Amino acid sequence: NISIRLNFTRVNATRIPAFNTSARITFNNLTSSPTGVYTPLVDPEDDGTYTVCGSARCFNNLTTLTSISFNISSWTTYVAYPGTPIECGSNISSSLTLGSLDPITSETCAGFGLNLTGTNMALNCVGYQITGDGGTANDNALLVVNQRNVTVKNCVFVGFGESENYKGSVAVYSTNNSLFTNDTVLTSANNVDAFVLSANSINNTINNTNLSIKGQNAVALNITEFSSYTKVLNLSIFISPAALGSKGVDLFSPPNQNVT
């Protein structure tokens, strides 16, 4: 009913309600944050689903390079997260690997999922599913715009739409020399393409990718607007029988588009 570890503490307030009171939590001797920043997370329902603990519940935060302390109003599970946790709508500028404590792996995104804003970086989702709310407006699963040398691997994107400026659940625009591998994209909204490569994106590779379309008038893989020298390997496409007007691949005509 009570558990204390290096960056984790839990009180089962249902079993011992007398302990369900305000307190101050201090985590010391923390060493795993590459930036020396720690963020308090809370599991509100005590079910393994974490979110950033906001000021209404965690307040008077004090941090150093090796510690964090904060007041709480009631007990459940609290964690000192090493760094800035990845949530729906996060901008990612450097390489990272998602983990079970990142809120985006367990929440449903009402807007877009992730926006990659850095070059020479890799995003590894390690098979975690990133879930949208099924909408179609301003909620791309993944945005990669004006970047180069980006790798996105082992990601599962489900239930996202697209945005006014960037078509496609996964929208890759003006991006060069990048790799998308072992990823899955499932869309169900009408007129929403699963994966779009556009706006002079050059020399990109899409490998071992699964694309699924359930909505009407959509394209699984759409390579358009002068994007060229694209290599597509081991592409798997599923189109629902109910997806009227949808198609698997739409290729723009510049040279050296290689689909196998």
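Nothing here was measured: the structure is a model prediction, and the numbers come from that model.
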List the steps, then state whether side chain to side chain contact (heavy atoms under 4.5 Å, CB included) holds for Val37 with Thr63.
CA-CA 8 Å; Val37 174; Thr63 62; over 6 Å; no
Looking only at the side chains, is there a donor atom on one of [X] and [Y] sitting less than 3.5 Å from an acceptor on the other?
| X | Y | value |
| --- | --- | --- |
| Asn149 | Thr119 | no |
| Thr77 | Asp46 | yes |
| Asn176 | Asn203 | no |

Return the minimal non-hydrogen interatomic distance between [X] and [Y], and the atom names on each side.
| X | Y | result |
| --- | --- | --- |
| Trp75 | Ala13 | O-CB, 3.9 Å |
| Ile239 | Lys247 | CD1-C, 3.4 Å |
| Thr49 | Ser106 | CG2-OG, 3.2 Å |
| Gly248 | Ile237 | O-CD1, 3.6 Å |
| Met121 | Ser95 | CA-OG, 3.3 Å |
| Tyr78 | Cys53 | CE2-SG, 4.0 Å |

Enclosure of Phe19 CZ (heavy-atom neighbours >12, cutoff 6.0 Å)
no
Within 6.0 angstrom of Arg148 CZ, more than 12 heavy atoms from elsewhere:
no
Can a donor-acceptor pair be found, under 3.5 Å and without considering hydrogens, that links the side chain of [X] to the backbone of [Y]?
| X | Y | result |
| --- | --- | --- |
| Thr39 | Gly83 | yes |
| Asp43 | Gly48 | yes |
| Thr64 | Thr66 | yes |
| Tyr38 | Ser67 | no |
| Ser188 | Gly215 | no |
| Thr209 | Asn207 | yes |
| Asp139 | Gly161 | yes |
| Ser227 | Ser201 | yes |
| Thr175 | Val144 | yes |
| Ser90 | Ile92 | no |

Atom pair [atom1] ([X]) and [atom2] ([Y]), whose distance is rounded to the nearest 0.5 Å:
| X | Y | atom1 | atom2 | value |
| --- | --- | --- | --- | --- |
| Ile72 | Ser22 | CD1 | OG | 8.0 Å |
| Ser74 | Asn20 | OG | CG | 5.5 Å |
| Gln129 | Thr184 | CD | OG1 | 9.5 Å |
| Asn1 | Arg10 | CG | CZ | 7.0 Å |
| Ile206 | Asn234 | CD1 | CG | 12.5 Å |
| Asn208 | Asn182 | CG | CG | 5.0 Å |

Would Leu114 and Phe112 count as a side chain to side chain contact (heavy atoms under 4.5 Å, CB included) here? Give the steps.
CA-CA 6 Å; Leu114 296 173; Phe112 74 86; 5.8 Å; no
Would you mind reporting whether [Y] and [X] have side-chain heavy atoms less than 4.5 Å apart?
| X | Y | result |
| --- | --- | --- |
| Asn217 | Asn190 | no |
| Val150 | Val172 | no |
| Phe160 | Leu142 | no |
| Cys88 | Glu107 | yes |
| Thr76 | Pro44 | no |
| Asn60 | Arg24 | yes |
| Thr224 | Asp250 | no |
| Leu30 | Pro82 | no |

With sequence neighbours left out, the residues meeting ring pair (Phe, Tyr, Trp, His ring centres under 6.0 Å) with Phe195 are Phe180
Please check if [X] and [Y] belong to a single hydrophobic cluster, counting links between Ile, Leu, Val, Met, Phe, Trp and Tyr side chain heavy atoms closer than 4.5 Å.
| X | Y | result |
| --- | --- | --- |
| Val232 | Leu179 | no |
| Leu143 | Val170 | no |
| Leu221 | Val185 | yes |
| Val158 | Val219 | no |
| Leu211 | Val196 | no |

Run Asn140 and Ser163 through side-chain hydrogen bond (donor to acceptor under 3.5 Å, both in side chains) and show every step you take.
CA-CA 6 Å; Asn140 303 85; Ser163 59; 2.7 Å; yes
Are Thr51 and Arg57 close enough, and set up right, to give a side chain to side chain contact (heavy atoms under 4.5 Å, CB included), and what steps lead you there?
CA-CA 11 Å; Thr51 186; Arg57 186 158 191 165; over 6 Å; no
Could you identify which residues cluster with Leu101, counting Ile, Leu, Val, Met, Phe, Trp and Tyr as linked when any side-chain heavy atoms lie under 4.5 Å apart, either directly or through a chain of such contacts?
Phe8, Leu41, Tyr50, Val52, Val79, Tyr81
Which residue pairs pass the disulfide bond (SG atoms under 2.5 Å apart) test when at least one of the two sits in residues 155-208, sequence neighbours left out?
Cys125-Cys155
Specify whether Tyr173 and Tyr166 have parallel, tilted or perpendicular ring planes, treating 30° as the upper limit for parallel and 60° as the lower limit for perpendicular.
perpendicular
Report the C-alpha distance between Leu96 and Leu123 in whole Å, list the side-chain angles of each, state the deciding distance to 0.1 Å, and finish with yes or no for side chain to side chain contact (heavy atoms under 4.5 Å, CB included).
CA-CA 5 Å; Leu96 68 85; Leu123 167 65; 3.7 Å; yes
